[in-house]
Student: 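Sending over a structure as C-alpha cells; questions will come in a sec.
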Amino acid sequence: MISKRSFFTISVVMLIVLVLFQFTQFAKYEGNNYTFNELEKLKMPVKHEWQQEKCNLTAGNKFSFKDSDYILFIGDENTAVGSIVSQWTLYSKRNICICDSISQFDLSGNAAPEFLIVDSNFTDLVAELDFYRSMIDKGVSIVFCTLPGLEVIKSNDEVREFLGITHIEQDEVTVEGYKLFSGFLLGGETVYQPKKASEERRQDMDLTIPWYVTGGGTKTYMVGLLDDYFGDYDNKNEFFPAIIWRKSYGSGQVFCIAGDYMSTTSGLGLLSAMINELSEYQVYPIVNAQNTLLVDFPILANENEEEFKKIYSRDIAAFQSDVIWPMLVSLAEKYDLKYTAFVSPKYDYSDPALPDADMYNQYLMYFNERDTEAGISLEHAPGISLVDKLAYDEEFFDSLEEKYTSTSAFLNMEDYESLNEAIQMPCVEKVRTVACAEDVMIPILSYIDDDITLQSLTSDTENLTYTKDLRLKSIETALGFDNAKMIFSEVFNPKSEEDEWQIVYVNMSSALTTYWAPFRVFDRTTLAESDQRVRVFLNLDYEISRKNDEIKIKVDGRDDNTCYFMLRTHGEEIDEMKGGTYEKIEDNAYILTIDSDEVKLHLVDTNTFK
C-alpha cells in the first residue's frame, strides 16, 4: 500500500515531467522559425568569371598564343566530345585552341601546346601520322578521345605501333565486365562485373568491343574482363582487351580511349587523370560540394488518391510523413547526408486535388530541424507549360499567411528553353541557383545569367548503374562535386514494382554504402551552400610553382571566400601547409581548404621511409 507521502511525491514528479515535456514541445515549435530561409543570408560572390582565351581556327580566329599555356583540340566544339573538352579546359583554367583539321594549325614560329586532344573523327591518322610524331618530338602528349576505325588500325602497322597496339586479337569479343585500376580516377580499383543476381541490373556498359592487345612501353588503366580465355600470356592484365591505356615515348605520351567515354561527362575526370599521369604532382581547383536532392518531395496535394492507396495503403500525405520522411532522416544520419528538398505544390495539374498549406508548414518545420533546404520544384506532369504551372503555384503561395523564400529550384530539362521567362515570376524571383538533368552540351556548372547559376545533376541514388558510377568517379576526380537526385514523382506514380518506395529505398541504401563511400571526405552541402562554392570556383584563377619540396599556390578571384583545391601526387605526402588546411582523400590525393591568397605546401617523399 502506497503511503500518502509517497503518493504525493510520485504525483509531484509526474507533474514535473509533464510540464517539462509540454514546455520542451512548446519551445521546439515556438523556437522553430521555419518560415525564414537562413540560406537566403548567404553572401554570394559577385560574378567575375575567369576569362578563358579561346582561339577557334575553324571559325576564322587568328592564332593568338605566345607560349604553351593552351590546349590544342582537333575536333568540333559543337559535338559531345568537343563540349566535354571545352568544359574541362574552362574548369581547369586552361586556354584552348580549336581546329577541325590539322591543316588549319600552323606551328611554325609559335609555341607548341601543353597538351593535344584529338577526336579521331576529324583526322586521317594514316596520312597525318607525321604531324602527331612531330608533336611527340616536341614533348607534347596526345589524347585520342576516340580511335580510328578498326580497319584503319588493323591494316596499318605504323598506326598500331604509334598507338601502342601490338595486334587485334579479335574484331569483336564479349567481355564479362570491366576493371578500372587504382590510382587513375579517385575511388580506388573497381570491378564492373556483377557478382550476384541482384547486381545484374547495374550492368549497362557495352560488353561487345574490339580486342586490342597492348605491348611494351604501355600502361593500362582500364581493361575488359574475360573468364574463359587468357591465351599463352604471362601478364593477364596486358592481354585483357585494353580500354584506356597510354604509350610512353621519351618526350611525350600517347593516351588512347577505346569507346565513347569522352562523349559523356566521364571525360572530365579522364582528362584530369591523364594530366596527373604526366606530372610529378597536380594542383587544381575543385568545388568540394556533395548535394543530395529530394525532387518533388513533398508533394502537397493528395493526387492519384485511389491508385495510391491501392499500392501503399494510405494517401500521399500520410505516406510522406509516416513512412518516407522518417526513413530519409535515418538515411541522413547513417550516411551523413544533407538534403535539399524541392517542394511540389502539385505534380499532376489535371488532378482536382489542391495543395495543403498546413502540410507545407509542417515540412518547413521538419526541414528546419534537420538542416534541410526547402527549394521549389519546377517539375510537372505533361499537359501544362512551365509558365502555366508557376501561375497556378503562385496562387497557392500567395494564399499563405507567412511567406517562405526559396533560393533554389529544380528544373526538368524539357523546360530548359522556358527558364528565362519562368524565373521572372514572383514565386521564383528570389531563386539564385537551378539544378537540372544532365545534358552533355550544357556545362555542368555555369551561370544562366548574371545572378543565377546552373548545377546539373551528376548521379542518382536510386538507380546507380556501372556507367553512372564511372561518371561519378570521374566528376569527383575533376571537380570534387556531386549533385545526386532522388525523384519522388516516380515513387508516387510507379510504373512498375522497381519504382515503388520499398525497392527504391533498398537500392538507395545499397548505393550509398558502396559507391559513395570513397567520397565521404568531401563536404556535404545544400544546393544553396554549393551555389556559393560554385561561384567562387568559376571566378578563381591561380598560379602554381615548385622549388624542391615546396609548392607555392597563388590564388586570385576568391574575394576573401574560402576556396578548395585538389592535390594529387605520386608517392609524396603533405608534411606542412601554410595558408589553409588539408585532408587526405586517399593515397596520393588531398583536399586543400584555402583561406589565403598565397599558400605553401611542404611535401615529403614517402618512398624514402620504406
Side-chain angles (χ1 to χ4, degrees), residues 32 34 290-348 351 353-381 404 406 408-410 412 435 457 459-464 483-513 516 524 526-527:
N32 188 333
Y34 59 87
Q290 310 288 292
N291 308 316
T292 305
L293 312 183
L294 311 179
V295 181
D296 299 322
F297 182 85
I299 289 179
L300 302 179
N302 267 320
E303 301 172 353
N304 195 25
E305 188 170 6
E306 187 175 335
E307 286 299 314
F308 194 89
K309 285 183 176 179
K310 287 180 183 178
I311 299 169
Y312 295 115
S313 303
R314 63 193 82 191
D315 61 24
I316 286 181
F319 191 69
Q320 289 180 136
S321 62
D322 299 345
V323 178
I324 293 182
W325 180 243
M327 295 174 80
L328 288 173
V329 169
S330 176
L331 273 183
E333 291 174 346
K334 185 174 182 180
Y335 299 108
D336 189 28
L337 305 179
K338 207 167 188 181
Y339 295 132
T340 301
F342 295 96
V343 179
S344 179
K346 280 180 69 69
Y347 178 74
D348 182 359
D351 191 294
L354 299 175
D356 186 331
D358 290 338
M359 192 194 307
Y360 183 50
N361 289 330
Q362 177 188 29
Y363 278 97
L364 289 179
M365 190 176 295
Y366 288 164
F367 296 160
N368 198 38
E369 292 170 0
R370 298 294 316 176
D371 273 344
T372 294
E373 179 185 0
I376 183 168
S377 174
L378 306 185
E379 278 217 313
H380 55 86
Y404 179 91
S406 292
S408 302
F410 182 87
N412 228 332
L457 295 179
S459 61
D460 59 88
T461 56
E462 69 268 25
N463 184 30
L464 192 75
N483 223 12
K485 70 172 174 67
M486 305 177 188
I487 294 188
F488 286 88
S489 57
E490 297 169 3
V491 171
F492 299 148
N493 300 275
K495 295 180 174 62
S496 68
E497 285 187 4
E498 291 295 312
D499 296 330
E500 294 180 14
W501 173 246
Q502 60 272 22
I503 302 297
V504 168
Y505 181 80
V506 169
N507 291 339
M508 285 194 300
S509 298
S510 172
L512 289 166
T513 300
W516 270 269
R524 300 295 188 260
T526 65
L527 200 69

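Values in this document were obtained by computation on a predicted structure and should not be read as measured data.
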Student: Looking at every heavy atom in both Tyr363 and Ser321, which two are closest together, and how far apart are they?
Tutor: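 Taking every non-hydrogen atom into account, OH-N, 3.0 Å.
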Student: Asp356 side chain to Met359 main-chain N or O, any donor-acceptor pair under 3.5 Å?
Tutor: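 Judged by distance alone, yes, a pair lies under 3.5 Å.
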Student: So do the side chains of Pro298 and Phe342 get within less than 4.5 Å of each other, counting heavy atoms only?
Tutor: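 Heavy-atom side-chain distance check fails, nothing below 4.5 Å.
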Student: How far does CG of Asp371 sit from CD of Glu369, to the nearest 0.5 angstrom?
Tutor: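 Those atoms lie 10.5 Å apart.
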Student: Please determine whether side-chain contact (heavy atoms from CB on, under 4.5 Å) holds for the pair Phe367 and Val343, giving the CA-CA distance in whole Å, both sets of side-chain angles, and the decisive distance to 0.1 Å.
Tutor: CA-CA 11 Å; Phe367 296 160; Val343 179; 4.2 Å; yes
Student: How about Tyr366 and Thr372: do any of their side-chain heavy atoms sit closer than 4.5 Å?
Tutor: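 Not in contact.
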Student: Counting distance only, does the side-chain N/O of Tyr312 pair as donor-acceptor with the main-chain N or O of Trp501 below 3.5 Å?
Tutor: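 Yes, the answer is positive, given that a donor and an acceptor are paired below the 3.5 Å cut-off.
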Student: Under 3.5 Å, is there a donor-acceptor pair between the Glu373 and Ser408 side chains?
Tutor: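 Distance-only check passes for Glu373 and Ser408.
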Student: Compare all side-chain heavy atoms of Ile324 with those of Phe319 and state whether any distance is below 4.5 angstrom.
Tutor: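 They are in contact (side-chain heavy atoms under 4.5 Å apart), so the answer is yes.
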Student: Would you check if Asn304 and Asn493 make a side-chain contact, meaning some heavy-atom pair closer than 4.5 Å?
Tutor: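 Contact flag for Asn304/Asn493 side chains = yes.
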Student: How far does CG of Asn463 sit from CE of Met486, to the nearest 0.5 angstrom?
Tutor: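 Interatomic distance, Asn463 CG to Met486 CE, rounded to 0.5 Å: 13.0 Å.
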Student: Tell me if a side-chain donor or acceptor on Thr340 pairs with a main-chain N or O of Leu293 at a distance below 3.5 Å.
Tutor: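 Such a contact is absent between Thr340 side chain and Leu293 backbone.
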Student: For the CD atom of Gln290 and the CG atom of Leu337, what is their distance to the nearest 0.5 Å?
Tutor: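 Reported value, rounded in 0.5 Å steps: 10.5 Å.
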Student: Distance-only, no hydrogens or angles: does the Asn291 side chain make a donor-acceptor pair with backbone N or O of Ala484 under 3.5 Å?
Tutor: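 A pair under 3.5 Å: no.
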Student: To the closest 0.5 Å, what do you measure between CD (Glu498) and CD1 (Ile503)?
Tutor: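 It is 6.0 Å, given to the nearest 0.5 Å.
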Student: Indicate yes or no: at least one non-hydrogen side-chain atom of Leu331 is less than 4.5 angstrom from one of Ser509.
Tutor: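 Yes, close enough: below the 4.5 Å cut-off.
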Student: Can you tell me if Asp296 uses its side chain to pair, donor with acceptor, with the backbone of Ile487 under 3.5 Å?
Tutor: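 Such a contact is absent between Asp296 side chain and Ile487 backbone.
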Student: How far does CG of Asn507 sit from CD of Gln502, to the nearest 0.5 angstrom?
Tutor: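 With rounding to 0.5 Å, CG (Asn507) is 10.5 Å from CD (Gln502).
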Student: Is the shortest heavy-atom distance from the side chain of Arg314 to the side chain of Asp322 under 4.5 Å?
Tutor: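 Of all side-chain heavy-atom pairs linking Asp322 with Arg314, at least one is under 4.5 Å.
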Student: Quick check: closest heavy atoms across Ala317 and Asn302, and the distance to 0.1 Å?
Tutor: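 That would be N-OD1, 3.1 Å.
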Student: Contact between Tyr335 and Thr461 at the side-chain level, heavy atoms closer than 4.5 Å - yes or no?
Tutor: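 No, every pair of side-chain atoms sits at 4.5 Å or beyond.
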Student: Run the numbers on Val295 and Glu379 for side-chain contact (heavy atoms from CB on, under 4.5 Å), then give the verdict.
Tutor: CA-CA 8 Å; Val295 181; Glu379 278 217 313; 3.8 Å; yes
Student: Going through the checks in order, is the side-chain contact (heavy atoms from CB on, under 4.5 Å) test met by Phe410 and Leu294?
Tutor: CA-CA 10 Å; Phe410 182 87; Leu294 311 179; over 6 Å; no
Student: Counting C-beta onward and ignoring hydrogens, is there a side-chain heavy-atom pair between Thr526 and Tyr339 closer than 4.5 Å?
Tutor: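 In short, these two side chains do not touch, never coming nearer than 4.5 Å.
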Student: Are Glu500 and Lys495 close enough, and set up right, to give a salt bridge (Lys or Arg N to Asp or Glu O under 4.0 Å), and what steps lead you there?
Tutor: CA-CA 8 Å; Glu500 294 180 14; Lys495 295 180 174 62; over 6 Å; no
Student: Assess whether a salt bridge exists between Glu333 and Arg370, defined as any Lys/Arg side-chain N lying under 4.0 Å from an Asp/Glu carboxylate O.
Tutor: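 Between Arg370 and Glu333 there is a salt bridge, with a charged N closer than 4.0 Å to a carboxylate O.
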Student: Please check this pair: side chain of Lys485 against backbone of Ser459, looking for a donor-acceptor N/O pair closer than 3.5 Å.
Tutor: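 Not a single qualifying donor-acceptor pair exists.
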Student: Are Tyr347 and Ser377 linked by a side-chain donor-acceptor pair shorter than 3.5 Å?
Tutor: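 Checked: Tyr347/Ser377 side chains show no N/O donor-acceptor pair below 3.5 Å.
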Student: Assess whether side-chain contact (heavy atoms from CB on, under 4.5 Å) is satisfied between Tyr505 and Ser330, documenting all intermediate values.
Tutor: CA-CA 11 Å; Tyr505 181 80; Ser330 176; 4.3 Å; yes
Student: Do any N or O atoms from the side chain of Glu303 and from the backbone of Asp351 form a donor-acceptor pair under 3.5 angstrom?
Tutor: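 Between the backbone of Asp351 and the side chain of Glu303 there is no qualifying donor-acceptor contact (under 3.5 Å).
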Student: Between Phe488 and Phe297, what is the ring plane arrangement, given parallel below 30°, perpendicular above 60°, and tilted in between?
Tutor: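 Taking Phe297 first and then Phe488, their aromatic rings sit tilted (interplane angle of 30° to 60°).
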Student: For the atom pair NZ (Lys310) and CD (Glu307), what is the distance rounded to the nearest 0.5 Å?
Tutor: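 These two atoms lie 4.5 Å from each other.
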Student: Considering non-hydrogen atoms only, spot the tightest contact between Gly375 and Ser406 and give its length.
Tutor: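 For Gly375 and Ser406, the tightest heavy-atom pair comes out as C-OG, 3.8 Å.
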Student: Under 3.5 Å, is there a donor-acceptor pair between the side chain of Gln320 and the main chain of Ile299?
Tutor: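 Yes; judged by distance alone, with no hydrogens or angles, the pair exists.
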Student: Give the minimum heavy-atom separation between Ile316 and Ala301, together with the two atoms involved.
Tutor: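 What the structure gives for the nearest pair is CD1-O, 4.0 Å.
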Student: Could you pull out the closest heavy-atom pair between Pro355 and Pro345, with the gap in Å?
Tutor: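 For Pro355 versus Pro345, the nearest heavy atoms are CB-O, 3.4 Å.
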